[in-house]
Amino acid sequence: MFTINGTDGAARRGSFITPHGVIETPVFMNVATQAAIKGGVSALDLLDIHCQTALCNTYHLHLRPGEDVVAELGGLHGFMRYPGPILTDSGGFQVFSLSGLRKISEEGVLFASHLDGRRILMTPESSMMIQGKLGSDIAMAFDECFENPATHDYAAASIERTTRWLTRCRDAWLLGRDGSTNPGQVLFGINQGGVYNDLRARHMTAIAALDLPGYAIGGLAVGESAQQREDVLRHLLPLMPIDKPRYLMGVGKPGDILLAIALGVDFFDCVLPARNARHGHVYTRQGCLNLKNEKHKQSELPIDTECHCPTCTHFSRAYLRHLLAAGEVLALRLCVLHNLYFYNTMMEQVRQAIEEKRLMTYFWENAERFDRRI
RNA sequence: GGGGGAGUUCCCGAGUGGCCAAAGGGGGCAGACUGUAAAUCUGUUGUCUACGACUUCGAUGGUUCGAAUCCGUCCUCCCCCA
């Protein structure tokens, strides 16, 4: 249900229809790992910060409160009272982030829960089953996100296994869909291959053959250089199905996102704006700044004088700096609202720029500036 | 008046002859963070002409090759007894 309404170079302006609404692309999905955006932001705030889509996590919600609890309370939409589209990540990223707490086998990944150590066997089938019960609109395939650097041999063996896992995910998904567990849910496959373009291409060919509703690029921003990342994207994107949504997982800084959009990516998510916000690192049209710095101690300015977010329309840098220094939770909330508003409205501007065929102008005017430290 | 205890670098607080510019917290200053084990983590925090030198542990005078650490005197604070 993805339609491309316009293009500007390799960039695409699309619409992706889900049971809970249309996602206008390119889109930034707001990360709500445990069914909440960290920093005290609830579903009630999402409209204010122009959020289109939320992203929740299979591994974390399986551990707590458990997918059955969520299912009983109306799935993620009912549980967190968010009526818009929701994507669930499969747990594949935790294979990377919790690498000290898991063992990989052909069957799946045996995690030692980071909460209490209890063993959790996550398989392609269980991940899909959990995501079905969570009731997300988009489910992600269970993959292995492996670290960089990785040897070519390791990467080659890993993508073979991830391909086999994807077939199992697809089968489980079809079973759930046709069995009406979650009839409207779609499955996105995930490309891996590290920084090896030959493996990225081989894997893309293999997974594209499954003809899934969408495809993601995984395993980036896990230690490789920005140059390597760009190189992978430049080689890989032309090999991805042109009529399917393309999702660059976990990326990134504003400049990273703008570049990827120019290269043809449609979906993004990243914890950076929320995490940075919690640490006082906020974005403006002129560049990013650290609110904790002494120079803002008496500043009456809002974070960004051109910003219309709830935070900038009410509060000064000096006040926010004080809240951060004092450890007040309000600081986190206000900064997160601002940064997510910045990301979401940047995407609005990008969509408009693509429609008006001036994406490159937007890119050259802003990509470097947004990431620059001021 | 008698007895006891304490004064350490921005703060609290270790240290009771050399390994002490002085542990550890806190606070301050700065940095990192990319499908969230992150309201976390890291660095730094006496001065300088800076791989070395100088000043500092209430004040001052001693002992010693060497003192934040030992001794004398003084100042300040706390507790108990009268």
Side-chain angles (χ1 to χ4, degrees), chain A residues 28-41 53-61 63-64 87-102 111-117 120 127 131 136 138-146 148 188-192 214-226 229 247-257 259-260 265 267-281 283 288-297 321 323-336 339 343 371 373:
Chain A
F28 178 77
M29 302 186 281
N30 294 226
V31 182
T33 302
Q34 307 198 69
I37 292 173
K38 290 188 192 297
V41 176
T53 309
L55 182 156
C56 302
N57 183 276
T58 301
Y59 167 87
H60 288 283
L61 292 171
L63 287 188
R64 185 172 56 193
L87 179 147
T88 41
D89 188 28
S90 61
F93 183 72
Q94 278 62 44
V95 180
F96 163 76
S97 65
L98 301 178
S99 62
L101 296 174
R102 72 359 178 215
F111 288 98
S113 160
H114 70 286
L115 297 177
D116 58 11
I120 307 291
S127 177
Q131 293 184 76
S136 58
I138 302 172
M140 296 307 299
F142 186 63
D143 62 336
E144 181 197 356
C145 177
F146 58 85
N148 183 277
F188 281 16
I190 304 175
N191 174 266
Q192 293 287 350
Y215 287 95
I217 302 162
L220 289 180
V222 291
E224 79 287 352
S225 69
R229 191 155 59 240
Y247 166 24
L248 176 54
M249 306 185 79
V251 174
K253 296 176 186 173
D256 297 332
I257 290 177
L259 173 67
V265 175
F267 285 59
F268 297 87
D269 80 279
C270 190
V271 306
L272 211 47
R275 181 180 293 165
N276 276 342
R278 276 179 271 130
H279 301 162
H281 177 133
Y283 294 91
C288 51
L289 51 88
N290 186 346
L291 280 175
K292 290 194 280 194
N293 285 175
E294 191 170 26
K295 60 185 170 187
H296 303 118
K297 190 167 190 170
R321 179 179 192 274
L323 294 179
L324 284 161
E328 287 291 342
V329 293
L330 180 58
L332 311 183
R333 174 178 157 77
L334 293 177
C335 291
V336 170
N339 271 2
Y343 266 63
D371 291 350
R373 196 57 177 270

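Quick note on labels: first sequence line is chain A, next is B, and so on, each numbered from 1.
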Could you state the [atom1]-[atom2] distance from [X] to [N], rounded to the nearest angstrom?
{"X": "A/His279", "N": "B/U36", "atom1": "NE2", "atom2": "C1'", "result": "10 Å"}
{"X": "A/Ile37", "N": "B/U36", "atom1": "CD1", "atom2": "C1'", "result": "12 Å"}
{"X": "A/Ile138", "N": "B/G35", "atom1": "CD1", "atom2": "P", "result": "17 Å"}
{"X": "A/His60", "N": "B/A38", "atom1": "NE2", "atom2": "C1'", "result": "11 Å"}
{"X": "A/Phe93", "N": "B/C33", "atom1": "CZ", "atom2": "C1'", "result": "12 Å"}
{"X": "A/Leu291", "N": "B/A30", "atom1": "CG", "atom2": "P", "result": "12 Å"}
{"X": "A/Leu272", "N": "B/G35", "atom1": "CG", "atom2": "P", "result": "7 Å"}
{"X": "A/Tyr343", "N": "B/C33", "atom1": "OH", "atom2": "C1'", "result": "11 Å"}

Can you tell me if [X] touches the phosphate of [N], counting only side-chain N or O atoms and a distance under 4.0 Å to OP1 or OP2?
{"X": "A/Gln94", "N": "B/A37", "result": "yes"}
{"X": "A/Ser97", "N": "B/U36", "result": "no"}
{"X": "A/Asn290", "N": "B/G31", "result": "yes"}
{"X": "A/Asn57", "N": "B/G35", "result": "no"}
{"X": "A/Arg64", "N": "B/A37", "result": "no"}
{"X": "A/Arg275", "N": "B/G35", "result": "no"}

Using the [atom1] atom as the point on both nucleotides, what is the distance between [M] and [N], in whole Å?
{"N": "B/C19", "M": "B/G52", "atom1": "P", "result": "15 Å"}
{"N": "B/U40", "M": "B/G25", "atom1": "P", "result": "15 Å"}
{"N": "B/A67", "M": "B/C20", "atom1": "P", "result": "16 Å"}
{"N": "B/C10", "M": "B/C51", "atom1": "C1'", "result": "29 Å"}
{"N": "B/C11", "M": "B/C71", "atom1": "C1'", "result": "32 Å"}
{"N": "B/G28", "M": "B/C33", "atom1": "C1'", "result": "22 Å"}
{"N": "B/G18", "M": "B/U69", "atom1": "P", "result": "12 Å"}
{"N": "B/A53", "M": "B/C77", "atom1": "C1'", "result": "37 Å"}

For [X], report the nucleic acid contact type (base, sugar-phosphate, nothing); a contact means any heavy atom under 4.0 Å.
{"X": "A/Gln192", "answer": "base"}
{"X": "A/Ile190", "answer": "base"}
{"X": "A/Leu324", "answer": "nothing"}
{"X": "A/Ala274", "answer": "base"}
{"X": "A/Arg321", "answer": "sugar-phosphate"}
{"X": "A/Gly219", "answer": "base"}

Practice problem: Enter the distance from A/Asn191:CG to A/Tyr215:OH here, rounded to the nearest 0.5 Å. | Solution: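 Nearest 0.5 Å value for the CG-OH distance: 10.5 Å.
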
Across all strands shown, which nucleotide pairs with [N] by Watson-Crick or G-U wobble geometry, both distances under 3.5 Å?
{"N": "B/A50", "result": "none"}
{"N": "B/C20", "result": "none"}
{"N": "B/G43", "result": "B/C29"}
{"N": "B/U76", "result": "B/A6"}

Self-check item: Of A/Asp89 and A/Glu294, the one whose closest RNA chain B nucleotide lies more 5'
Solution: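 Looking at RNA chain B, the more 5' nearest nucleotide goes with A/Glu294.
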
Practice problem: Let me know, please, whether A/Glu144 or A/Gln34 comes out on the 5' side of the other along RNA chain B by nearest nucleotide. | Solution: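 Of the two residues, A/Glu144 wins.
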
Quiz item: Which of parallel (below 30°), tilted (30 to 60°) and perpendicular (above 60°) describes A/Tyr247 and A/Phe267?
Solution: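 Rings of A/Tyr247 and A/Phe267: tilted, 30 to 60°.
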
Quiz item: Parallel, tilted or perpendicular: which fits the ring planes of A/Tyr59 and A/Phe111, with parallel below 30° and perpendicular above 60°?
Solution: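 The rings of A/Tyr59 and A/Phe111 sit tilted, inter-plane angle from 30° to 60°.
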
Of the candidate nucleotides [options], which contains the atom at the shortest distance from the side chain of [X]?
{"X": "A/Asn276", "options": "B/U36, B/C29, B/C33", "value": "B/C33"}
{"X": "A/Arg278", "options": "B/U34, B/A37, B/U36", "value": "B/U36"}
{"X": "A/Lys292", "options": "B/U36, B/U40, B/G28", "value": "B/U40"}
{"X": "A/Ala325", "options": "B/A39, B/U36, B/G28", "value": "B/G28"}
{"X": "A/Met249", "options": "B/U36, B/G35, B/A37", "value": "B/G35"}
{"X": "A/Asn293", "options": "B/G31, B/U36, B/A38", "value": "B/G31"}
{"X": "A/Ser90", "options": "B/G31, B/C29, B/G35", "value": "B/G35"}
{"X": "A/His281", "options": "B/C33, B/G35, B/G31", "value": "B/C33"}
{"X": "A/Arg373", "options": "B/G31, B/C33, B/U36", "value": "B/G31"}

Check: [Y] and [X] side chains under 4.5 Å, non-hydrogen atoms:
{"X": "A/His281", "Y": "A/Arg373", "value": "yes"}
{"X": "A/Phe142", "Y": "A/Val95", "value": "yes"}
{"X": "A/Glu328", "Y": "A/Arg333", "value": "no"}

Quiz item: So, for A/Phe96 and A/Cys145, which heavy atoms are closest and what is the spacing to 0.1 Å?
Solution: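 Of all heavy-atom pairs spanning A/Phe96 and A/Cys145, the closest is CB-O, 3.1 Å.
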
Self-check item: Closest non-hydrogen atom pair between A/Leu332 and A/Arg278, with its separation
Solution: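 Residues A/Leu332 and A/Arg278, closest heavy atoms: CD2-O, 3.4 Å.
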
Exercise. Given side-chain hydrogen bond (donor to acceptor under 3.5 Å, both in side chains), test A/Asn30 with A/Tyr343 step by step and report yes or no.
Key: CA-CA 9 Å; A/Asn30 294 226; A/Tyr343 266 63; over 6 Å; no

